[in-house]
Amino acid sequence: MDNIAGTKSSLSWAVNISVVLLVLIWLIPTIGLLVSSFRDRDQISASGWWLSPFAVEQNFQVRASADDAVERDGVFVIEGNVFEDGEGEVLRFGGARSNPTASGAGERAELTRDRTLQLEANGDYVYTSPAEITRDPSIYFSTATPPEFSTENYQTIMASDNMDRAFINTLTVTIPATIIPILIAAFAAYALAWMDFRGRGFLIAMVVGLLVVPLQLALVPLLQLHNQVGIGQSFLGIWLAHTGFGLPLAIYLLRNYMVGLPRDIIESAKVDGATDFQVFTKIVLPLSFPALASFAIFQFLWTWNDLLVAKVFLPSNSESWVMTVKIADDLLGSRGGDWGILAAAAFISIAVPLVVFFTMQRYLVRGLLAGSVK
Amino acid sequence: MSPLLQGVLTILIGVGGCVGYFYASNLILDKVIFPPTKTDPGRNINRANIVRPWLFLFPALFALGLYLVYPVIGSFWRSLYNRAGDEFIGFGNYTTMFGDAGFQTALFNNFLWVLVVPAASTFFGLLVAQLTDRLSWGNIAKSLIFMPMAISFVGASLIWKFVYANNADIGLINAIRDLFGASEPLDVLQLRFWNNFFLMFILVWIQTGFAMVILSAALRGIPEETVEAAIIDGANPFQIFFKIKVPQIMGTIVVVWTTITILVLKVFDIVYTMTGGNFGTEILPSYMMSYMFRDDGRATAVAFVIMIIVLPVMIWNIRQARAEMR
């Protein structure tokens, strides 16, 4: 429609700019998380992630040793270098905690009680005092630390925080909870789409109604039920729960898709003597692949990202934590201020859904369009 | 047994069991219960075909009944009992709950959420859908705005915790305030009342993609003649959008709006991760979770209140579905 008069308006640059802006607003937070996950703790607290490609000015403190003091012409002098390995560049320095960057490198700073401090850019310092030096004097200075990116946060979180365990637990919950409902729902959807029986309309309405039942209602009675029959809080329990909760959407999506299949194929197969079971397994099921894929992606994302059901139906010990529970209940408390670790953990938990999302977006969109009720 | 192995076994048993059930039950129905006898084969085939739908439906109906229908009744019944569950107290849980200041805050905040999140998500979704419609790189833009849909509420909360961080070197909000000369960093999550809106924006961020995808498809479905006719009549782009396009996709907008409304009533993750319900940010689902495992009577009462709020939408959905079937 580009050639229609009026559509190629002067608005087009405004449209481009607004879309760029919107995309940036939507994207920037996630980029921030990704960048932060590769920075170490000191760098994160020293400068924002948006400045991460540039050198960071960081403040340090060292103590000159009072034992190194020598007396020269009635003045006590300590000489040395603030860098342990002898490498680095001092930007500014100072002798008091209250003003740690009072003087520029190479200047001579007058301190209290007639003491002086001179710090060169290469780290060499000269500290003088008219009186005998009894306590180790502090030297404050700032240096430019080059930007540094490492996978250290990821290694830490995987090795010491049991995140690998949580990852496997999430996977363990997700895969059966995605596969099992599909088959159950497919049979039911076929019956609701292509079989004639009394009460079909009622059942379809019931499925539509159940789509919006809040999960919150199910928590207490079902946990009680699971405890009574001996399942308790366990992986089996959460698989069953996810299966039950996922069924309405599965049946609804699959039925809507199956109803749209061409009637001729199914009827001619029946005329040729195929039973309903054969029609379903040989014709309808293979033809419904796109709808099956749509639902599988939905259910996968939903179970992978779920916090509520996992908190209630899985045991609350660290052995069975899935990643969402691990982050929300453990890391945010125990590692609350450790932004790099938090970012790495969050990124581990969203990496798989993102890959699934970008590779199978087509099916996801199709599913959304078919079942935009849930 | 390791959970992973248990999982593989469950898949095998689950899938194998389903296939086995469907195959065997059909076989038994056709060969044993109603075999096509020599005298009158048609009668038995018909009888088998009356039973067969229920064979196909049984596992799904059983699971739906147990996991979604029974809980509605079970929760309501449990909410009539006291904390320990041994004494019938009628609507006692409801009366104490409605008198609780925490519940009132949660109800009020939830009201705000229901008002703001669906409106904002639909608005942004519609905006993006319209703006990207003719753009050469529109699909990439849409894909990027759609991306948060794949991220868990917990993950999204963490992402935004960085943005809201109470530190000008970590949080973008405070960095921008710093740029404009604010001296002290501000913890936006502790700003009474307004903190709710910062939490809501996280959900808007997630749901805009959903609204965009559906509305974008709806916009594409508008007959081009109507737009062309408007252009010939001299309508400007804004008039085309508001007077020609929006009225034609009103039905879809309503569906998107209600779908997000339902979601808002269920999501407890964001509040739970960001503030734990502190600083006056409690909403009904998170209020319910704070009583879960402590006072089942109160927890089920809250859940039932959520159910009652959802009920009108449920009835409307069912009526729509029935109307479509006719």
Side-chain angles (χ1 to χ4, degrees), chain A residues 4 6 9 11 15 18-19 22-23 26-27 29-30 32-33 47-48 168 172 176 179-180 183-185 187-188 191 195 197 201 205 208-210 212-214 216-218 220-222 235 239 243-244 247 276-277 301 305 307 324 327-328 339 342 346 349-350 353-354 357 365 368-369 372-373, chain B residues 3-4 6-7 10-11 14 18 22 26 52-53 56-57 59-60 63-64 67-68 71-72 74-75 78 128 131-132 141 144-145 150-152 154-155 158-160 162-163 169 175 213-214 217 231 237 255 259 262 266 269 273 285 288 296 299-300 303 306-307 310 313-314 317-318 321-322 325:
Chain A
I4 294 177
S9 67
L11 278 175
V15 167
S18 8
V19 175
L22 277 166
V23 169
W26 251 254
L27 205 56
T30 317
L33 181 87
S47 75
I168 291 175
T172 313
I179 294 175
I180 295 173
L183 206 63
I184 299 178
F187 273 96
M195 289 168 132
F197 59 94
V208 172
L210 289 179
V212 296
V213 168
Q216 273 82 3
L217 276 173
V220 172
L222 285 180
F235 280 100
W239 291 325
T243 302
L247 272 180
D276 273 312
F277 189 74
L301 290 178
N305 290 338
L307 172 69
T324 47
I327 292 172
W339 294 95
L342 283 178
S349 83
I350 67 177
L354 283 184
F357 172 81
V365 169
L368 271 184
L369 293 178
S372 52
V373 171
Chain B
L4 206 58
Q6 212 181 328
T10 308
I11 295 177
C18 282
F22 288 116
N26 272 285
R52 198 178 332 268
F56 275 52
L57 283 166
L64 284 178
Y67 279 86
L68 287 167
V72 178
S75 266
R78 180 65 186 82
V128 178
L131 291 182
T132 54
L144 291 175
I145 289 182
I151 297 174
S152 62
V154 175
L158 254 179
I159 288 175
W160 285 88
F162 273 79
V163 178
D169 282 328
V213 164
I214 300 201
I231 292 172
V255 168
T259 308
I262 297 292
K266 297 185 201 169
D269 318 36
T273 331
M288 187 231 165
D296 283 352
T300 45
I306 300 177
M307 177 73 208
V310 170
V313 180
M314 186 193 255
N317 276 351
I318 291 175
R322 300 213 75 141
M325 268 186 286

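Lettering follows sequence order; numbering is per chain, from 1. Computed over heavy atoms, backbone and side chain alike; hydrogens, waters and symmetry mates excluded.
- Of all the listed residues (A:I327, A:L222, A:L183), the one sharing the greatest number of non-hydrogen pairs under 4.5 Å with chain B is A:L222.
- Contacts of B:R78 with chain A are made by side-chain atoms alone, with heavy-atom separations under 4.5 Å and no backbone atom involved.
- In this structure, OG1 in B:T300 is found 7.0 Å from CE in B:M288, a value given to the nearest 0.5 Å.
- With rounding to the nearest 0.5 Å, the separation of CH2 in A:W339 from CG in A:L33 is 10.5 Å.
- Although no hydrogens or angles enter the test, the distance criterion places no donor-acceptor pair under 3.5 Å between the side chain of A:W239 and the main chain of B:I11.
- Options A:G32, A:S18, A:G48, A:S349 differ in how many heavy-atom pairs under 4.5 Å they form with chain B, and the most are formed by A:G48.
- Proximity to chain B involves both the backbone and the side chain of A:L342, based on heavy atoms less than 4.5 angstrom apart.
- Among A:A328, A:P214, A:A191, A:P353, the residue with the largest count of heavy-atom pairs under 4.5 Å with chain B is A:P214.
- Of the residues considered (A:L210, A:L217, A:L27, A:V365), A:L217 shows the highest number of contacts with chain B, using heavy-atom pairs under 4.5 Å.
- Heavy-atom pairs under 4.5 Å with chain A peak, among B:A150, B:G155, B:P285, at B:A150.
- Of the listed residues (B:V213, B:V163, B:V313), the one with the most heavy-atom contacts under 4.5 Å to chain A is B:V213.
- A:I184 CD1 to B:F56 CZ: the interatomic distance, rounded to the nearest 0.5 Å, is 14.0 Å.
- The CD1 atom of B:I145 sits 9.0 Å away from atom CG of B:L131, with the distance rounded to the nearest 0.5 Å.
- Only the side chain of A:I350 comes within contact range of chain B, with heavy atoms under 4.5 Å apart.
- In this structure, chain A has heavy atoms under 4.5 Å from both the backbone and the side chain of B:M307.
- Interface remark: A:A185 contributes no atoms to any contact with chain B (heavy atom separation under 4.5 Å).
- Taking the six-membered ring where tryptophan is involved, the planes of A:F277 and A:F187 are essentially parallel, since the angle between them stays under 30° and well short of 60°.
- With respect to chain B, the highest number of heavy-atom pairs below 4.5 Å among A:L301, A:T243, A:D276 belongs to A:D276.
- Atom CG of B:L158 is separated from atom OG1 of A:T324 by 11.5 Å, given to the nearest 0.5 angstrom.
- The distance from atom CD1 of A:I180 to atom CG of A:L247, rounded to the nearest 0.5 Å, is 10.5 Å.
- Of the two parts of B:V310, only the side chain, counted from C-beta on, holds a non-hydrogen atom closer than 4.5 Å to a non-hydrogen atom of chain A.
- Contact of B:N26 with chain A is made through the side chain alone, with heavy-atom distances under 4.5 Å.
- When side chains are defined from C-beta on, A:L354 counts as touching B:I151, because their heavy atoms get closer than 4.5 Å.
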